[in-house]
**Q** 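Next up is a structure, given as structure tokens.
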Amino acid sequence: MSPRKIIHIDMDAFYASVEQRDHPEWRGKPLVVARAAEERGVVAAASYEARRYGIHSAMSTHRAQQRCPQLILAPPRFAVYRAVSLQIRALMLAITDAVEPLSLDEAYLDVSDSPHENGSATRIAERLRAEILAATGLTASAGVSYNKMLAKIASDLNKPNGIAVITPAQGADFVASLAIERFHGIGKATAAHMHALGIQTGADLRRLSRETLRHEFGKHGDFYYDMARGIDLRPVEAARERKSIGSETTFIHDLEGIPALYQALLAQNQDAFADVQKRHLHPHTLTIKLKYHDFSQITRSRSVSTPFTRENDAHYWIARLLHDIAPTKPVRLVGVTYSGLQEAVETRQVALPL
């Protein structure tokens, strides 16, 4: 069986690059996409000029401005980013139907059977990067390999505006030299656990048996065992099922008291349910989330047999879940999430002939 040909496309500083494209006066300057009016705002994206100051996404806006006083704050324009993302997606789908979007700015493509560019995944990736630049004025980086894990790692090797290829002959040695933090899916907690076991690199990980990894990491042990050998059998999934839809907000000042928190949760419910309706889904599970001023957080969920079909169907359960939590500390963030999503079945009345 021939190795698969997988491409991972990752747009370079996507939101920030869109803003610099649309505002020539901001080009070449440190910029973040963030809401200027929010004391507790966070950076949604940072330009490469801003990254030189150690600024990155998810950093507080306040801290970013401390690091770079001349920082430009561009308010987010998600409708624009979505429109550009759809342009890019159309270019991908012109090459293959096997496109798995991960977010607005990155996606996997399986071009194993593609007739384009004489079947060369590397040339297809270069062509796609050129087409994206011509259509949007934005640069993309690409990783090309024989599985998803290595393609994603490769796309980060020559950023921005670069491409990297990891062939089947190179995969095992490449993985052996890699710090385990570079593996997709290994977060801080898992990395700390691995470090405690003496695992620093892919080579260290490869020395552990499948049974040992299962014992230490449960169901993920098999994936880590394969990963250490450059093996990833996950297919590119063209239709990824949406697991949940939600909305949350961080307050400028902490909130206290159930009445104020209830109103804040209703506002997030309105946003979340609007997204549910737009996607023509019926959720069966509602979750509310509170994050306290000390950054500890708590969630409560309720599943119902009859799905939520209207925004106010959730009001009773939001109130009940909030009373179950009975918050005793100031709250800095609230959120509402719907899950257990099913496609809505529309019922229409048919006029009978007279």
Side-chain angles (χ1 to χ4, degrees), residues 2-22 27 33 44-48 51 57 77-171 174 182 184-185 230 232-240 242:
S2 299
R4 291 182 295 162
K5 300 175 183 178
I6 308 298
I7 299 171
H8 180 256
I9 293 289
D10 192 7
M11 300 301 297
D12 298 323
F14 182 51
Y15 298 170
S17 295
V18 171
E19 296 304 333
Q20 289 180 317
R21 180 197 69 177
D22 294 349
R27 294 174 192 169
V33 175
S47 70
Y48 284 98
R51 294 180 191 188
S57 60
R77 298 183 298 154
F78 290 109
V80 175
Y81 311 147
R82 279 191 288 269
V84 176
S85 180
L86 289 174
Q87 277 185 283
I88 297 166
R89 191 80 42 80
L91 295 172
M92 294 176 177
L93 290 170
I95 291 172
T96 175
D97 290 335
V99 176
E100 179 182 344
L102 300 178
S103 60
L104 291 180
D105 61 345
E106 61 175 320
Y108 291 113
L109 295 82
D110 189 332
V111 296
S112 302
D113 302 316
S114 175
H116 299 286
E117 304 297 330
N118 293 319
S120 168
T122 303
R123 288 200 295 270
I124 291 172
E126 287 285 31
R127 166 182 156 181
L128 182 56
R129 292 176 60 240
E131 290 177 347
I132 289 171
L133 179 62
T136 69
L138 303 172
T139 63
S141 295
V144 181
S145 196
Y146 58 96
N147 64 41
K148 290 166 72 172
M149 175 189 75
L150 290 175
K152 185 171 177 65
I153 294 171
S155 69
D156 200 42
L157 294 179
N158 292 318
K159 267 187 164 291
N161 195 25
I163 184 171
V165 180
I166 302 172
T167 68
Q170 298 167 331
F174 176 81
R182 294 291 303 278
H184 180 56
D232 178 8
L233 301 179
R234 295 173 301 160
V236 171
E237 300 177 18
R240 301 178 77 236
R242 187 73 181 257

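This chain uses plain numbering: 1 for the first residue, then up along the sequence. What you see is a predicted model; the values in this text were computed from it and never measured.
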**Q** CG of Leu128 to OG1 of Thr96: how many Å apart, nearest 0.5 Å?
**A**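 Separation between the atoms: 11.0 Å.
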
**Q** Quick check: do Leu102 and Lys148 have side-chain heavy atoms less than 4.5 Å from each other?
**A**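 Side chain of Leu102 against side chain of Lys148, heavy atoms only: no contact under 4.5 Å found.
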
**Q** If you take all heavy atoms of Ser141 and Ser155, which pair is closest and at what distance?
**A**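 Residues Ser141 and Ser155, closest heavy atoms: CB-O, 3.5 Å.
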
**Q** Enter the distance from Ile124:CD1 to Ile95:CD1 here, rounded to the nearest 0.5 Å.
**A**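 Reported value, rounded in 0.5 Å steps: 6.5 Å.
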
**Q** Can you list the residues that meet the ring-ring contact (aromatic ring centres under 6.0 Å, His included) rule with Tyr81, with sequence neighbours excluded?
**A**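 Testing Tyr81 for ring-ring contact (aromatic ring centres under 6.0 Å, His included), a comparison that skips the adjacent residues, returns Tyr15, Phe78.
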
**Q** Between Arg123 (side chain only) and Glu117 (backbone N and O only), is there a donor and an acceptor less than 3.5 Å apart?
**A**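 A pair under 3.5 Å: yes.
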
**Q** Taking atom types as modelled and ignoring hydrogens, do the side chains of Ser112 and Asp110 form a donor-acceptor contact shorter than 3.5 angstrom?
**A**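 The answer is yes; a qualifying pair exists.
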
**Q** On a heavy-atom basis, which atom in Ala154 and which in Gly143 lie closest, and how many Å separate them?
**A**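 Heavy-atom minimum between the residues: CB-CA, 3.6 Å.
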
**Q** Identify, with sequence neighbours excluded, every residue that meets ring-ring contact (aromatic ring centres under 6.0 Å, His included) alongside Tyr108.
**A**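 Once residues adjacent in sequence are excluded, the partners of Tyr108 under the ring-ring contact (aromatic ring centres under 6.0 Å, His included) criterion are His8.
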
**Q** Atom CD of Gln170 and atom CG of Leu150: how far apart are they, to the nearest 0.5 Å?
**A**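 So the gap between those two atoms works out to 10.0 Å.
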
**Q** Looking at residues at least two apart in the chain, or sitting in another chain, which of them share a salt bridge (Lys or Arg N to Asp or Glu O under 4.0 Å) with Asp22?
**A**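 Per chain and number, Asp22 pairs via salt bridge (Lys or Arg N to Asp or Glu O under 4.0 Å) with Arg77.
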
**Q** Quick check for you: to the nearest 0.5 Å, what is the distance between Ile9 atom CD1 and Ile132 atom CD1?
**A**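 Taking CD1 in Ile9 and CD1 in Ile132, the distance rounds to 5.0 Å.
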
**Q** For a quick test of reading the model, state the closest non-hydrogen atom pair linking Ala151 to Ile7 and the distance between them.
**A**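 Nearest heavy atoms, Ala151 then Ile7: CB-C, 4.4 Å.
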
**Q** Ignoring hydrogens and geometry, is there a side-chain-to-backbone donor-acceptor pair from Arg89 to Val99 under 3.5 Å?
**A**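 It does not hold such a pair.
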
**Q** Only one of Leu233, Ile166, Ile6, Asp232 clears side-chain contact (heavy atoms from CB on, under 4.5 Å) with Met149; which?
**A**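 It is Asp232, the one option of Leu233, Ile166, Ile6, Asp232 that forms the side-chain contact (heavy atoms from CB on, under 4.5 Å) with Met149.
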
**Q** Please identify each residue that fulfils side chain to side chain contact (heavy atoms under 4.5 Å, CB included) with Arg51, with sequence neighbours left out.
**A**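 Checked Arg51 against side chain to side chain contact (heavy atoms under 4.5 Å, CB included); matches are Ala13, Ala46, Tyr48.
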
**Q** Of all heavy-atom pairs between Glu237 and Glu100, which one has the smallest distance, and what is that distance?
**A**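 Closest approach of Glu237 to Glu100: N-OE1, 2.8 Å.
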
**Q** Is any side-chain N of the basic residue among Arg129 and Glu126 closer than 4.0 Å to the acidic one's carboxylate O?
**A**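 Salt bridge present between Arg129 and Glu126.
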
**Q** If you compare all heavy atoms of Ala135 against all heavy atoms of Gln87, which two are closest, and at what distance to 0.1 Å?
**A**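 In terms of heavy atoms, the two residues are closest at O-NE2, 3.5 Å.
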
**Q** Is there side-chain contact between Asp10 and Asp105, with heavy atoms separated by less than 4.5 Å?
**A**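 Yes, side chains in contact.
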
**Q** Applying side chain to side chain contact (heavy atoms under 4.5 Å, CB included), name anything that partners Thr139, two or more places apart in sequence or on another chain.
**A**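 Thr139 satisfies side chain to side chain contact (heavy atoms under 4.5 Å, CB included) with Asp12, Leu133, Asn161 only.
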
**Q** Could you tell me the separation between the CD atom of Glu131 and the CE atom of Met92, rounded to the nearest 0.5 Å?
**A**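 Answer for the CD-CE pair, Glu131 versus Met92, is 11.0 Å.
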
**Q** Output the distance between atom NZ (Lys5) and atom OG (Ser145), rounded to the nearest 0.5 Å.
**A**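 One gets 12.5 Å once the value is rounded to the nearest 0.5 Å.
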
**Q** Please, which pairs that meet ring pair (Phe, Tyr, Trp, His ring centres under 6.0 Å) have at least one residue in residues 126-163, sequence neighbours excluded?
**A**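 Passing the test, one end in residues 126-163: no pairs.
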
**Q** Answer yes or no: is there a side-chain heavy-atom contact under 4.5 Å between Gln20 and Ser47?
**A**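 They are in side-chain contact.
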
**Q** Write down the atom of Leu157, the atom of Arg182, and the distance for their closest heavy-atom approach.
**A**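 So the minimum-distance heavy-atom pair works out to CD2-NH2, 3.6 Å.
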
